[in-house]
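Here's the structure, in structure tokens; my notes come after.
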2 protein chains.
Amino acid sequence: MHDTTTPSRLDALKVACSACNLRELCLPVGLSDDELSSIDSIIGTRRTVRRGESLFHAGEAFSALYAVRTGFFKTVVSAADGREQVTGFQMAGELIGLDGISTDHHSCDAIALEDSQVCMIPYSQLETLSREVMLLQHQFHKIMSREIVRDHGVMLLLGSMRAEERLAAFLLNLTQRLQARGFSASALVLRMTREEIGSYLGLKLETVSRTFSKFQEEGILEVKQRDIRILDQNALQRVVNAANC
Amino acid sequence: MHDTTTPSRLDALKVACSACNLRELCLPVGLSDDELSSIDSIIGTRRTVRRGESLFHAGEAFSALYAVRTGFFKTVVSAADGREQVTGFQMAGELIGLDGISTDHHSCDAIALEDSQVCMIPYSQLETLSREVMLLQHQFHKIMSREIVRDHGVMLLLGSMRAEERLAAFLLNLTQRLQARGFSASALVLRMTREEIGSYLGLKLETVSRTFSKFQEEGILEVKQRDIRILDQNALQRVVNAANC
DNA sequence: CGTAGTCTTGAACTGCATCAACCAATGTGG
DNA sequence: CCACATTGGTTGATGCAGTTCAAGACTACG
């Protein structure tokens, strides 16, 4: 199974997909050992991105997708007039860069919100391999489709929800994803500023701050800067489902 | 029922992709004749959808994508509480149903806004064929990625633009797509109601109506119900790029 | 320890929603 | 073919959610 030569520094740096604890998030289940090691072979480089630095910028040539190993990212699209919109926050096990396939150039910036590590997935190799490994092809399509469905959900949020509903939905979504990664469902540390949350939710930072305060007054949350404790998850859920009453 | 020599009614109904005038919109360029006819072979059924009827509903099992041949569609996502959001309008040459890949069930409704025809593309066959035809695989990925990029643009619109900017951007987008299909860049007939435009743009129908009237007063548009004539395209463009001044 | 970045809170403003009336176009049954 | 209903669109008056502007507090970090 493992080779007999002495492990080099490079080997130590590189953790194979087959041994990665994020496997269930990235890869299809039911792969053979052969298929798994083919995938291992194309995930060449790991890359470290320090807080505030970019993985890529809009306009840069697209060549690879990135799977977040550790850390936290935001993706931002910019209009010609300077307006910016955060289009998503990505955590461990999530894929960044799908936008680049469309034109061979990235259409957004991907910025690390804390020191992070990503696995680089050269896109041409992914296409080649997914022609051979049916399950990989299908999984990749599902991931792209899931991104489309997610975006539609955000459009619903931006198009028809009020500030409290947006923030509640945002928090529930975050905790759900954190919980899937083994973290608490009730305590979280925000990696992004109020302004970034606001940009994502189509609100101003002051509105985000006020809404946090309101939830705290109502006993739904405990808010200490970026430390959030959810005291009443059901109440949050009720806020989201409130419609317009 | 039908012999192999004389063309049957069925043959008459079916227009091969290789002969379709929407080809450049759907398919990659540079395919061999063999590859083209493989693609022809999987585009089995054509389907007619009358105005107001659905191509599919959220929750239904996903089995195929649909390429619009003629007509006009909207896609709508619904929240548990009944809120609805139009996530897109699709015209000839555009693909509907990518959302279904994610969970094997559709996550939105697709409704015809006028009598329409679609080409059914069985998804499993598309996956099989795209493992063999590299260009098809790549084109398919580009189409999914393009949808993601488009959605991000809508998020920017919904998150940070004002009513006039949204409507101007919407009209420019529509005319651009119509122009790519050989229609006039300055005259268009809206296929959707003010309410549907409003839902897409995150506005109420009254606001859409008022904004149309405002553009008319300013001499940018001529509005007669659903007949729109663009008198000053540059002015529309300026409205979009206005930022917040 | 001070300076910059982030967050909170207050007060006033405004763009869009809401409510409501009316109009135009289209369809329906007598 | 006309009275009537229905659907979609326009316009006005009013209200409010969220923005804007501004000031102060907390935190982190060189």
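So that the names make sense, note that chain A is the first sequence line, chain B the second, and so on, each numbered from 1.
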Within-4.5 Å side-chain heavy-atom neighbours: B/Arg166 and B/Tyr200 | no

Which nucleotide, D/dG8, C/dT8, D/dG18, lies nearest any side-chain atom of B/Arg226?
-> D/dG8

Are any of the side-chain nitrogens in B/Glu94 or B/Arg146 under 4.0 Å away from the carboxylate oxygens of its partner?
-> no

Using a heavy-atom cut-off of under 4.0 Å over every strand shown, decide if A/Gly198 touches base, sugar-phosphate, or nothing.
-> nothing

What is the distance from CD of A/Gln216 to C1' of C/dC7, rounded to the nearest Å?
-> 12 Å

Of the nucleotides D/dT10, D/dT11, D/dT27, which has the atom closest to the B/Ser213 side chain?
-> D/dT11

Rounded to whole Å, the NZ-P distance (A/Lys204 to C/dC16) equals 13 Å

Closest to side chain of B/Ser209, choosing from C/dT9, D/dG18, D/dT10 | D/dT10

A/Leu203 side chain: which of D/dT10, D/dT19, C/dT6 is closest?
-> D/dT19

Measure the acute angle between the ring planes of B/Phe56 and B/His106, then classify it against the limits of 30° and 60° as parallel, tilted or perpendicular.
-> parallel

Phosphate OP1/OP2 of C/dC16: any B/Arg210 side-chain N/O under 4.0 Å | no

Here the distance between atom P of D/dG8 and atom CD of B/Glu114, to the nearest Å, is 16 Å

How close or far is atom P of C/dT8 from atom CZ of A/Phe212, stated in whole angstroms?
-> 8 Å

So, are A/Lys74 and A/Glu84 salt-bridged, with charged N and O less than 4.0 Å apart?
-> no

Rounded to whole angstroms, how far apart are CE on A/Met161 and P on D/dA17?
-> 17 Å

Ion pair A/Glu218/A/Lys214, N-O distance below 4.0 Å | yes

In whole Å, what is the span from the CG atom of A/Leu201 to the C1' atom of D/dG18?
-> 13 Å

d(NZ, A/Lys224; P, D/dT27) in whole Å | 10 Å

B/Thr193 has its side chain closest, among D/dT10, D/dG9, D/dT20, to D/dG9

For atom CG of A/Leu205 and atom P of D/dA22, their distance in whole Å | 15 Å

At under 4.0 Å, does any side-chain N or O of A/Thr207 touch on OP1 or OP2 of D/dA17?
-> no

Spell out yes or no: do the side chain of A/Arg194 and the base of C/dT9 have one donor N/O and one acceptor N/O closer than 3.5 Å?
-> no

In terms of side-chain heavy atoms of B/Val223, which of D/dT10, C/dC7, D/dT19 is nearest?
-> D/dT10

